[in-house]
Amino acid sequence: MTAPARGYLTERLAGFGTTIFAEMSALAVRTGSLNLGQGFPDTDGPQEILDAAVAALRSGHNQYPPGPGIPALRHAIADHQRRFHGQELDPDAEVLVTTGATEAIAAALLALCEPGDEVVCFEPFYDSYAACIAMAGAERRVVTLRPPDWAVDPDELAAAFSPRTRLVLLNTPHNPTGKVFGQAELELIAGHCRDRDVLAVCDEVYEHLVFEGEHILLATLPGMAERTVTISSAGKTFSVTGWKIGWACGRPELVRAVQTAKQFLTYVSGAPFQHAVARALALPDAYYEGFTAGLRAKRDRLCAGLEAAGLEVHRPAGTYFVNADIRAIGEDDGLAFCWALPERAGVVAVPTVVFYDDQAVGRPLVRFAFCKRDEVIDEAAARLARLRA
Ligand SMILES: Cc1ncc(COP(=O)(O)O)c(C=O)c1O
């Protein structure tokens, strides 16, 4: 077979190879290493919601569900937003069920951006953002978050906006830094959106993983409800990352726009899992409190282990992840370090630099996931400690 002269992959997607998570998880399997790379828990979610999924499968919920999602789930999402965030939503017009937050982000960008529009985002950024911005034909304008506090520089933020800015793509609590955007920073971002008539897409998949501070919805700030798409999913909150049930919420016109793109991406999303997630969202406060407390303890456990191993730890306020600076153990290239780590220590981690355009800032940082069993965290820390010996 002769390859076409133009090649296969479009220019838009050039440079977007296999995601780092897939590469690192494959490396973990290949080398039998402990996987602190990809952010998925190594235990299942609550039995009662697994049972609800099985019951849904067995009771005939196996055909295409309604396009916006089954009514029970849309109501459960609206109830959840009111209960935890004080956000009022009409479940029939302001909630769209998607195939994970990933699809919601893609659909939002495809629906809301014209080619040539600019999207302001914060680096390090979750890897699908750059790819989805590119697929929409838009361009990213990046504001850099730097350790140790990952603060937004107001001047850098202002400079990222231009007359071509269409939207701000925000993630809070933030992967991979673990930052929880505070009130003042959100006000600053909201101010730019209002002043410049810019939309916002806010990815909040770690909304229940806040250990310090408070999760504030950008959509609840003055003037932001009419311009913000709020996105989340069941994957992290209920430890079912493989189910891929997510949602996009906002004013009817915004949700309708996102649905216009979504319907041609996947049409509809996982019917039986929608039933189970509707049940999950209604779990009592004790579930949510226990979930947060459990992950807080894991954060503390891994941070202590990494510190004992000699790394400089940037303690996260939220999410599943902690970043460590490897210069403290005489290394400085996170990418080379992570590729060699399975061989050297039997541990897989993710080089934070892959989430940065500014390579110099990300170079010495390595991201470790702590959504793992305690014995896995302890063993990984012990193995890392041997690196210094
Ligand atoms: C910031 C962020 N957004 C979205 C996702 C993906 O969410 P989902 O699995 O619901 O598509 C992840 C998963 O790691 C994430 O970290």
Side-chain angles (χ1 to χ4, degrees), residues 18-25 35-42 45 49 69 73 77 80 95-110 119 121-133 135 140 145 150 168-181 200-210 215 217-218 229-249 258 261-262 265-266 269-270 273-274 276-277 280-281 295 316-323 348-350 352 354-356 367-372:
T18 312
T19 87
I20 187 72
F21 309 115
E23 274 187 306
M24 287 297 166
S25 287
N35 188 357
L36 302 194
Q38 199 168 6
F40 63 85
D42 56 0
I49 74 157
L73 178 53
I77 292 165
H80 169 275
V95 179
L96 171 69
V97 176
T98 58
T99 303
T102 306
E103 187 198 29
I105 294 159
L109 289 163
L110 289 169
V119 174
C121 57
F122 298 84
E123 70 171 351
F125 42 73
Y126 180 58
D127 68 344
S128 86
Y129 293 2
C132 287
I133 292 167
M135 285 193 275
R140 63 179 183 271
L145 306 175
W150 317 104
V168 175
L169 176 53
L170 180 71
N171 169 218
T172 183
H174 181 262
N175 174 14
T177 65
K179 173 189 172 78
V180 178
F181 280 72
V201 173
C202 199
D203 172 356
E204 308 188 354
V205 299
Y206 299 100
E207 62 188 307
H208 289 289
L209 288 171
V210 175
H215 174 55
L217 265 69
L218 189 64
V229 181
T230 301
I231 290 172
S232 192
S233 78
K236 315 288 173 181
T237 302
F238 303 109
S239 302
V240 289
T241 58
W243 284 12
K244 301 298 293 184
I245 298 295
W247 45 89
C249 303
V258 178
K262 182 258 168 2
L265 294 173
T266 54
S269 308
F273 296 124
Q274 291 197 30
V277 172
L281 286 165
L295 267 294
T319 76
Y320 274 168
F321 308 108
V322 51
N323 277 270
V348 163
V350 168
T352 309
V354 300
F355 308 116
Y356 273 103
R367 191 197 80 171
F368 296 90
F370 50 80
C371 48
K372 310 291 173 181

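Each ligand, and each atom within it, is numbered from 1 in the order the structure gives. Note: hydrogens, waters and symmetry copies are ignored here, and every other heavy atom, side chains too, is used.
- Put simply, CG on Leu96 and CD on Glu103 are 7.5 Å apart, with the number rounded to the nearest 0.5 Å.
- Scanning all protein heavy atoms for the shortest distance to atom 9 (O) of ligand 1 gives Lys244 NZ, 3.1 Å.
- The aromatic rings of Tyr129 and Phe125 sit parallel, their planes meeting at an angle under 30°, below the 60° perpendicular limit.
- Atom NE2 of His215 sits about 11.5 Å away from atom CZ of Phe181, to the nearest 0.5 Å.
- Shortest contact from atom 14 (O) of ligand 1 to any protein heavy atom: Lys236 NZ, 2.7 Å.
- At under 3.5 Å, not a single nitrogen or oxygen of Tyr129, backbone or side chain, sits near a nitrogen or oxygen of ligand 1.
- When atom types are taken as modelled, the side chain of Tyr126 and the backbone of His174 share no donor-acceptor pair closer than 3.5 angstrom.
- In terms of N/O distances under 3.5 Å, ligand 1 is not approached by Glu103.
- Closest to atom 2 (C) of ligand 1, if we only count protein heavy atoms, is Asp203 OD2, 3.3 Å.
- Side-chain contact between Ile231 and Val201 is present, with at least one heavy-atom pair separated by less than 4.5 Å.
- Checked by atom type, the side-chain pair Lys262/Ser269 shows a donor-acceptor distance below 3.5 Å.
- Between Ala101 and ligand 1, at least one pair of N/O atoms sits closer than 3.5 Å.
- Cation-pi check for Lys372 over Phe40 is met; the charged atom lies under 6.0 angstrom from the ring centroid and within 45 degrees of its normal.
- Nearest to atom 6 (C) of ligand 1 among the protein's heavy atoms is Thr102 OG1, 3.3 Å.
- Side-chain N/O atoms of Asn323 and Thr177 include no donor and acceptor closer than 3.5 Å.
- Residue contacts with ligand 1 for His174 are absent, since no atom lies close enough (heavy atoms, distance under 4.0 Å).
- The shortest N or O to N or O distance between Thr241 and ligand 1 is not under 3.5 Å.
- Ligand 1 has a nitrogen or oxygen under 3.5 angstrom from a nitrogen or oxygen of Asn175.
- Residue contact annotation: Phe40 has no non-hydrogen atom under 4.0 Å from ligand 1.
- Atoms of ligand 1 lying under 4.0 Å from any heavy atom of Asn171, numbered from 1 in the order shown and given with element: 1 (C).
- Where the criterion is an N or O separation shorter than 3.5 Å, residue side chain and backbone included, Thr99 fails it with respect to ligand 1.
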